[in-house]
Amino acid sequence: MNYFKAQLTSRAHSLFLPAKWKDDIQRYIRQHQQGASRDPEVAPFGRQLDFWTLAFATAVARGVAPLESRPSQWGRKFVDTQKVEMSDELCELLAVVALGALGPNDQGVEDPARIIELANQYAGAGCEELLLRLRDPDLRLSTLEKAIAFSKELAQPRPKTD
């Protein structure tokens, strides 16, 4: 286990998604589906953590500012960091983004609770665009294909604007 994963999962830190989109989000999570709708083509995210991660990445890649209010004011807890398997790479990414957002001299950059709070704020900020992309009316693409295409788009460098 790497240092960041040990720090972020040693205590229970709550992960949040926006409460107002609970039903919309769950539509894309296989663990909340039954029968044929458990198909990854329809519900491309195996866990809420997977959706949360792409929402977080959406905000960071798009340069969307994190939500300013505390996650408990706009969100609903779906799991804590001790009860879910977070990859080493995800934990490292959360720490690097926190360092960039808070700055190296901010005391919060070493505080796992602050890192997770900031990540929740980014995930909350990126959630709407992610849902819009998943709801795209292009019927030629499955929801899974839409999620993959959007992920690839996020990985491309954005053109610089002067």
Quiz prompt | Asp136 and Arg133 ion-paired at < 4.0 Å | solution = no
Of all the heavy-atom pairs spanning [X] and [Y], show the shortest one and how long it is.
| X | Y | answer |
| --- | --- | --- |
| Ile29 | Phe51 | CD1-CB, 3.6 Å |
| Ile116 | Ser14 | CG2-O, 3.5 Å |
| Lys146 | Arg135 | NZ-C, 4.4 Å |
| Phe16 | Gly75 | CD2-C, 3.7 Å |
| Asn120 | Pro71 | CB-CG, 3.6 Å |

Hey, what do you get for [atom1] ([X]) to [atom2] ([Y]), rounding to the nearest 0.5 Å?
| X | Y | atom1 | atom2 | result |
| --- | --- | --- | --- | --- |
| Leu90 | Glu85 | CG | CD | 10.5 Å |
| Gln121 | Ser69 | CD | OG | 7.0 Å |
| Leu17 | Gln26 | CG | CD | 9.5 Å |
| Gln82 | His13 | CD | NE2 | 8.0 Å |
| Glu92 | Lys5 | CD | NZ | 10.5 Å |
| Leu134 | Leu144 | CG | CG | 10.0 Å |

Exercise. Report yes if the side chains of Tyr28 and Leu131 come closer than 4.5 Å at any heavy-atom pair, otherwise no.
Key: yes
Please answer whether the main-chain N or O of [Y] pairs with a side-chain N or O of [X] as donor and acceptor at a distance below 3.5 Å.
| X | Y | result |
| --- | --- | --- |
| Arg47 | Val84 | no |
| Arg76 | Ala19 | no |
| Ser142 | Val42 | no |

Quiz item: Does anything in residues 95-116 pair up under salt bridge (charged side-chain N to carboxylate O under 4.0 Å, His left out), and if so which pairs, sequence neighbours excluded?
Solution: Arg114-Glu117
Quiz item: Quick one: hydrophobic cluster around Leu99, which other residues, with the 4.5 Å side-chain cut-off, linked directly or via members?
Solution: Val109
